[in-house]
Amino acid sequence: MIRTLLVANRGEIARRIFATCRALGVTTVAVHSDADADAPFVAEADLAVRLPGNTPAETYLRIDLVLDAARRAGADAVHPGYGFLAENADFAAAVTDAGLTWVGPPAKAIAAMGDKMAAKALLADAGVPMLPTWTEADQVTGFPVLVKAAAGGGGRGMRVVRDAAGLAEAVAGARREAAAAFGDGTVFIERYVERGRHVEVQIFGDTHGTVVALGVRDCSIQRRHQKIVEEAPGVLPPEVRERLHEAAVAAGRAVDYVGAGTVEFLLAPDGEVHFLEMNTRLQVEHPVTEAVTGWDLVRLQLLVAEGEPLPLTATPPADGHAIEVRLCAEDPAQGFRPATGTLHRFAIPGVAGEFTPTKGLRLDTGVVDGSAVSVHYDSMLAKLVAWAPTRAEAARALAAALARAELHGVATNRDLLVRVLRSREFGAAEADTSFLERHEEVFAPLLAADQLPLVALAAALAGAAGRRAAAPVLGGLPSGWRNVPAFPQVTRFAGPDGEIEVRYRLDRTGTLADWSVSPASASTTQDESAAGGDAAPDVTVVEAAPNRVVLDVDGTRRAFRVHRVGAEVFVDGPDGAASLSELPRFPLPTAELAAGSLLAPLPGAVTRVHVEVGQRVTAGDLLLTLEAMKLEHPVLAPTDGVVAELPVPAGGQVDTGAVLAVVTEEDPR
């Protein structure tokens, strides 16, 4: 029986496993990097062992350090979570060789499925349907194709190629990204199915020969080949569901599978099923299966690792419907690049439970207020899961909770997720893997441009109320009171689309007399709004406190929650959220950047420089490649010109805002 369990992972999945361990009375051990020393999962563990360093290669990927931590903490079992070493056969073997219980499939099964080409050959012999696959570019017989990493998943190393001209560069780029992410740059190429659906079957095996399917999940909503919305049960015809169950169980039996695993398939528009890969671990999206089956999959993992038989021998019926979204630190203004920073507030209303099977709204997260989002790890902040009796109810509840969430300090993909959940195609269960490519409208922010003036006004009023509340004398005077009441108050903000200026005037009773919001450079009268000079709506201030402003707008009350951190102002309103930065009235002079400077959007390392100083480039040319948060980010020429400076060589580390290149109209030499 397992008494003390070390979790060889971090963040949300470590907290998830700890929750089940607490319920079972199992002592928990965390391992952590220096960057994670103050993370919630470390604080929640019964014991914690430091792994000196920050990067995964220095810490979580070091088998020797993890095993030494288990010895020092007195652990008798190791759970790999997912990611890092979860699908590393050498790690599984090392754990068992050390006399510890491995909470996962046998090393032999991990090795068999870890090489995706070998896995395809093995499972094809077991009768699992396959897509045409090639190992070399010159073998490809038709397009489009998908280049994939042989040693990993999660979308890393994947490239869609639609013609022969782009294949060589796609293969080279996939190899670089796969080598950086998995330590193995081997790739293969398979037929790409247009308008396919990504579906997967959760399987479970025990040491007594039982392998059972726990239902089908649909994970078709993807961006950069990474899942962002998952649901169970997948909306499928009964005969297709049965075929998927049979193929997944056959795959598990072919490798004598033990523990939790996922067999992933591509469902073509014609109803044909094609094997993609088998993940020999617990999946990120396992909570939706837990929600509709009622089974705690981590508990089942621990029971199976202890040698107990599975308490179920057939696929359980699905109860209701569950949908999960992956809430990630990504900046929509930067093409959804991973974002870093301090999470000043992380609050989601209506959560019924965390980390274990829950009816209603479930939250699995690795962050809390004040958490630092580091460049060293992936961008996922949390998984939010909604269970309801019907799919439509689950989607509606999940979208509403996301829309009302307060997510301050780090940009996220929240608005995208809400728009996907509220889209007609998703509501009709017709979405496929190219959904986001066809629907640019879902990338628009929830807060419409014509609502920003009200948000800015609320931010200005809250700021004034905060200053009055902190005033040591005459705090009872209305904010902005003057002997000459015709003169307006002016507050300037840096907004999502540039600087904006709020002007408002209060009468002697504190009532809003008139107001306007405009671009800071514009010249408008006080009775005009930011929306192209249209007359501002009739607004009455119902309440103006430092943290809450209520405005009556043309007869309808609108409440805004305001959270200020230094100069940053976060406003959550009924139509969406915005982050503003109050600008000083008398700004200090700053150094000017050279014209044409291209800045690093986040900290990272320059992996390749593709041009030379003095080289003429055209708009869109690839200048260099920046690697950050496990992904490659191309830096492209913004305009035609000449490369004037390349201050960072290949291999150089940069911080956010560092100059990566300068492109000018003429050669400065």
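For reference, positions follow the sequence shown, starting with 1.
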Gap separating the [atom1] atom of [X] from the [atom2] atom of [Y], nearest 0.5 angstrom:
X: Ile221; Y: Leu417; atom1: CD1; atom2: CG; result: 10.0 Å
X: Glu277; Y: Leu266; atom1: CD; atom2: CG; result: 11.5 Å
X: Asp36; Y: Ser374; atom1: CG; atom2: OG; result: 7.5 Å
X: Ser379; Y: Leu381; atom1: OG; atom2: CG; result: 7.5 Å
X: Glu231; Y: Ser220; atom1: CD; atom2: OG; result: 8.0 Å
X: Asp331; Y: Asn413; atom1: CG; atom2: CG; result: 11.0 Å

Search all heavy atoms of [X] against all heavy atoms of [Y] and return the closest pair with its distance.
X: Ala339; Y: Val373; answer: O-CG1, 3.5 Å
X: Ala254; Y: Leu123; answer: CB-CD2, 3.8 Å
X: Asn9; Y: Gly83; answer: ND2-O, 3.7 Å
X: Val42; Y: Ala30; answer: CA-CB, 4.4 Å
X: Glu87; Y: Thr280; answer: OE2-N, 2.9 Å
X: Tyr257; Y: Ala109; answer: CD1-CB, 4.2 Å

Heavy atoms, side chains only, cut-off 4.5 Å: are [X] and [Y] in contact?
X: Pro287; Y: Asp364; result: yes
X: Val235; Y: His321; result: yes
X: Leu361; Y: Val385; result: no
X: Ile2; Y: Val103; result: yes
X: Val7; Y: Phe41; result: no
X: Phe275; Y: Val263; result: yes
X: Phe265; Y: His274; result: no

Which residue pairs pass the ring-ring contact (aromatic ring centres under 6.0 Å, His included) test when at least one of the two sits in [range], sequence neighbours left out?
range: residues 49-78; result: Tyr60-Phe84, Tyr60-Tyr377
range: residues 13-40; result: none
range: residues 97-127; result: Phe91-Trp102

Please identify each residue that fulfils side-chain hydrogen bond (donor to acceptor under 3.5 Å, both in side chains) with Arg191, with sequence neighbours left out.
none
Residue set satisfying side-chain hydrogen bond (donor to acceptor under 3.5 Å, both in side chains) with Thr433, at least two apart, ordered chain then number -> none
For [X] and [Y], indicate whether the former's side chain and the latter's backbone hold a donor-acceptor pair under 3.5 Å.
X: Asn279; Y: Thr262; value: no
X: Glu290; Y: Leu297; value: yes
X: Glu308; Y: Val304; value: no
X: Asp115; Y: Met117; value: yes
X: Asp34; Y: Gly53; value: yes
X: Arg159; Y: Gly173; value: yes
X: Arg241; Y: Gly234; value: yes
X: Thr412; Y: Arg414; value: yes

More than 12 heavy atoms of other residues, nucleotides or ligands under 6.0 Å from CE of Met130: yes or no?
yes
Checking Thr365 now: which residues fulfil side-chain contact (heavy atoms from CB on, under 4.5 Å) with it, not counting sequence neighbours?
Arg15, Phe346, Leu363, Val367, Ala382
Intermediate values then yes/no, side-chain contact (heavy atoms from CB on, under 4.5 Å), Leu327 and Leu407
CA-CA 10 Å; Leu327 187 61; Leu407 310 170; 4.0 Å; yes
Qualifying side chain to side chain donor-acceptor pair (under 3.5 Å) pairs with a residue from [range], counting only residues at least two apart or across chains:
range: residues 18-30; result: Arg16-Thr20, Thr20-Asp296, Thr28-Asp46
range: residues 244-255; result: none
range: residues 181-190; result: Lys120-Glu190, Lys148-Glu190, Asp184-Thr186

List the atom pairs, donor and acceptor, that lie under 3.5 Å between side-chain atoms in residues 199-208 and the rest of the protein, sequence neighbours left out.
residue: Glu200; atom: OE1; partner: Lys227; partner atom: NZ; Å: 2.8
residue: Glu200; atom: OE2; partner: Arg217; partner atom: NE; Å: 2.8
residue: Glu200; atom: OE2; partner: Arg217; partner atom: NH2; Å: 3.0
residue: Gln202; atom: OE1; partner: Arg217; partner atom: NH1; Å: 2.9
residue: Gln202; atom: OE1; partner: Arg217; partner atom: NH2; Å: 3.4
residue: Gln202; atom: NE2; partner: Gly261; partner atom: O; Å: 3.0
residue: Asp206; atom: OD1; partner: His208; partner atom: N; Å: 2.9
residue: Asp206; atom: OD1; partner: Gly209; partner atom: N; Å: 3.2
residue: Asp206; atom: OD1; partner: Thr210; partner atom: N; Å: 3.0
residue: Asp206; atom: OD2; partner: Leu310; partner atom: N; Å: 2.9
residue: His208; atom: NE2; partner: Gly307; partner atom: O; Å: 2.9

What pairs of residues pass the salt bridge (Lys or Arg N to Asp or Glu O under 4.0 Å) test when at least one of them lies in residues 317-327, not counting sequence neighbours?
Glu230-Arg326, Glu285-Arg326, Asp319-Lys359
Per-pair distances, 0.1 Å, donor-acceptor, side chain in residues 74-82, under 3.5 Å, sequence neighbours excluded:
residue: Asp76; atom: OD1; partner: Arg3; partner atom: N; Å: 3.4
residue: Asp76; atom: OD1; partner: Thr4; partner atom: N; Å: 3.0
residue: Asp76; atom: OD2; partner: Arg3; partner atom: N; Å: 3.1
residue: His79; atom: ND1; partner: Gly81; partner atom: N; Å: 2.9
residue: His79; atom: NE2; partner: Gln301; partner atom: OE1; Å: 2.8
residue: Tyr82; atom: OH; partner: Glu12; partner atom: OE1; Å: 2.3
residue: Tyr82; atom: OH; partner: Glu12; partner atom: OE2; Å: 2.8

Under 4.0 Å between a side-chain nitrogen and a carboxylate oxygen: does that hold for Asp432 and Arg197?
no
side-chain contact (heavy atoms from CB on, under 4.5 Å) for Val171 and Val187? Distances and angles first, verdict last.
CA-CA 7 Å; Val171 169; Val187 301; 4.0 Å; yes
Run the side-chain contact (heavy atoms from CB on, under 4.5 Å) test on Val249 and Val212 for me, step by step, so that the C-alpha distance in whole Å, both residues' side-chain angles and the decisive distance to 0.1 Å come before the verdict.
CA-CA 6 Å; Val249 170; Val212 61; 5.9 Å; no
Under the side-chain contact (heavy atoms from CB on, under 4.5 Å) rule, what do Ile17 and Ile13 come out as? Steps first, then yes or no, please.
CA-CA 6 Å; Ile17 297 166; Ile13 185 57; 4.0 Å; yes
